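Below: one structure, written as structure tokens.
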Amino acid sequence: MTGKIELSVNISVEWRRSAMWGMCPTATVGALLTEDGVTVRRDRGSGHASGCGYDKLSAAVDEAMRELPLWQTFLMWRGFKHTYASIPYNGSDRTLYGLKRCDYGWEMNANACGMETIIDIFTANGFTMTSHSGDAYDFYHFERVVPRSFLKLI
């Protein structure tokens with residue numbers, strides 16, 4: 001196959017009330033890599049957060065993202081963008097908040113940093129986002145076309 005290769009990430013968050021901690025999120029994240037609409041790889045992860053005094057949404061999402069080998073591969077890919085300069089209308093060459101440099105590439109460490117931090121990481125790397133939310137759920141969908149060089153890492 002020589003067609004379009006797409007990477008998409010769906011983040012679904014369900015909020016439940018805890019008698020002690022208030023509303024607590026459980027995030028389910030799915031990553032899908034397709035070539036011409038045919039699934040090449042599919043990963044799934046989940047995370048939960050409770051307690052108080054920090055951003056529980058990003059903590060649950062960060063925990064779930066760590067379970068996705070496809071996302072970890074994307075962080076190691078040489079085409080991964082790690083600075084704010086990759087975000088439209090932002091000329092800074094500072095490293096994106098929520099990323100940590102490792103020997104093998106980058107690690108996402110956006111635990112309790114706010115969902116905006118995670119959205120910035122996706123946006124800097126050319127993903128388009130759609131989202132919606134309700135009283136007890138949040139949903140985010142990110143997708144982008146990736147070059148064949150990424151497919152060779154899988």
Side-chain angles (χ1 to χ4, degrees), residues 4-15 21-35 40-134 137-154:
K4 186 165 70 167
I5 303 167
E6 289 186 309
L7 175 61
S8 63
V9 178
N10 289 320
I11 301 170
S12 178
V13 181
E14 184 178 336
W15 294 86
W21 304 117
M23 296 299 279
C24 296
T26 298
T28 303
V29 180
L32 180 65
L33 182 66
T34 61
E35 183 176 6
V40 175
R41 182 175 180 116
R42 180 187 312 256
D43 292 335
R44 189 175 166 99
S46 64
H48 179 77
S50 64
C52 61
Y54 67 101
D55 185 82
K56 293 185 265 189
L57 174 58
S58 62
V61 171
D62 184 70
E63 181 182 334
M65 297 287 291
R66 291 173 184 271
E67 294 182 12
L68 303 176
L70 195 52
W71 180 248
Q72 302 305 322
T73 302
F74 187 76
L75 293 173
M76 293 185 292
W77 176 50
R78 75 168 181 214
F80 178 75
K81 307 282 192 249
H82 63 277
T83 64
Y84 282 98
S86 305
I87 297 175
Y89 311 110
N90 192 329
S92 175
D93 62 348
R94 290 183 309 126
T95 298
L96 287 160
Y97 194 67
L99 290 176
K100 178 180 155 189
R101 183 79 165 136
C102 297
D103 293 339
Y104 53 83
W106 293 91
E107 175 185 8
M108 190 169 90
N109 192 15
N111 188 356
C113 293
M115 195 61 195
E116 296 81 15
T117 300
I118 295 171
I119 291 169
D120 281 349
I121 293 169
F122 278 102
T123 303
N125 282 282
F127 284 85
T128 58
M129 179 187 90
T130 55
S131 67
H132 53 88
S133 59
Y137 76 93
D138 292 302
F139 179 79
Y140 302 88
H141 174 77
F142 300 93
E143 70 179 14
R144 71 161 282 181
V145 173
V146 292
R148 189 149 302 281
S149 64
F150 180 74
L151 189 59
K152 293 177 181 177
L153 297 174
I154 304 303

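Model, not experiment: these values are computed from the prediction.
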How far apart are the C-alpha atoms of D55 and T117, what are their side-chain angles, what is the distance that settles it, and do they pass the side chain to side chain contact (heavy atoms under 4.5 Å, CB included) test?
CA-CA 11 Å; D55 185 82; T117 300; over 6 Å; no
Give the intermediate values and the outcome of side chain to side chain contact (heavy atoms under 4.5 Å, CB included) for residues T34 and R42.
CA-CA 9 Å; T34 61; R42 180 187 312 256; over 6 Å; no
I would like to know whether M115 and I11 meet side chain to side chain contact (heavy atoms under 4.5 Å, CB included); could you show each step before the answer?
CA-CA 11 Å; M115 195 61 195; I11 301 170; 4.0 Å; yes
Apply the test side chain to side chain contact (heavy atoms under 4.5 Å, CB included) to residues F127 and L7: give CA-CA distance (whole Å), side-chain angles for both, the deciding distance (0.1 Å), then the verdict.
CA-CA 9 Å; F127 284 85; L7 175 61; 3.8 Å; yes
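Annotation: the span from Y140 atom OH to T130 atom OG1 amounts to 11.5 Å, rounded to 0.5 Å. One distance of note links CE of M108 with SG of C102; it measures 12.5 Å at 0.5 Å rounding. To the nearest 0.5 Å, atom CG of residue L68 and atom CZ of residue R44 are 10.5 Å apart. For the atom pair OG (S46) and CD (E63), the distance works out to 7.0 Å, reported to the nearest 0.5 Å. Between I118 atom CD1 and N111 atom CG the span is 8.5 Å, to the nearest 0.5 Å. Taking CG of L32 as the start and CD of E6 as the end, the distance is 9.0 Å to the nearest 0.5 Å.
The side-chain heavy atoms of L70 and I154, taken from C-beta on, include a pair separated by under 4.5 Å. Inter-residue side-chain proximity for N125 and F74 is flagged as met; some heavy-atom pair is nearer than 4.5 Å. Within the 4.5 Å cutoff, no side-chain heavy atoms of W106 are placed close to those of I121. Counting heavy atoms from C-beta on, the side chains of L75 and Y104 never come closer than 4.5 Å. Here the side chains of V29 and W71 are not in contact, with every heavy-atom distance at 4.5 Å or above. Between T95 and R101, every side-chain heavy-atom pair lies at or beyond the 4.5 Å cut-off. D93 places none of its side-chain heavy atoms less than 4.5 Å from the side chain of Y84. Side-chain atoms of F150 and I5, non-hydrogen and from C-beta on, never get closer than 4.5 Å to each other.
Residues A64 and G47 come closest through the heavy atom pair CB-N, 3.6 Å.
Between the side chain of S58 and the backbone N or O of G114 there is at least one donor-acceptor pair closer than 3.5 Å. Here the side chain of Y137 pairs no donor or acceptor atom with the backbone of H132 at under 3.5 angstrom. Although no hydrogens or angles enter the test, the distance criterion places a donor-acceptor pair under 3.5 Å between the side chain of K56 and the main chain of M23. Using modelled atom types, no side-chain atom of H48 and backbone atom of A27 make a donor-acceptor pair closer than 3.5 Å. Between the side chain of D62 and the backbone N or O of A110 there is at least one donor-acceptor pair closer than 3.5 Å.
Atom CZ of R78 has 12 or fewer neighbouring heavy atoms from other residues, nucleotides or ligands inside a 6.0 Å radius. In F139, the CZ atom is crowded: over 12 heavy atoms of neighbouring residues, nucleotides or ligands sit closer than 6.0 Å.
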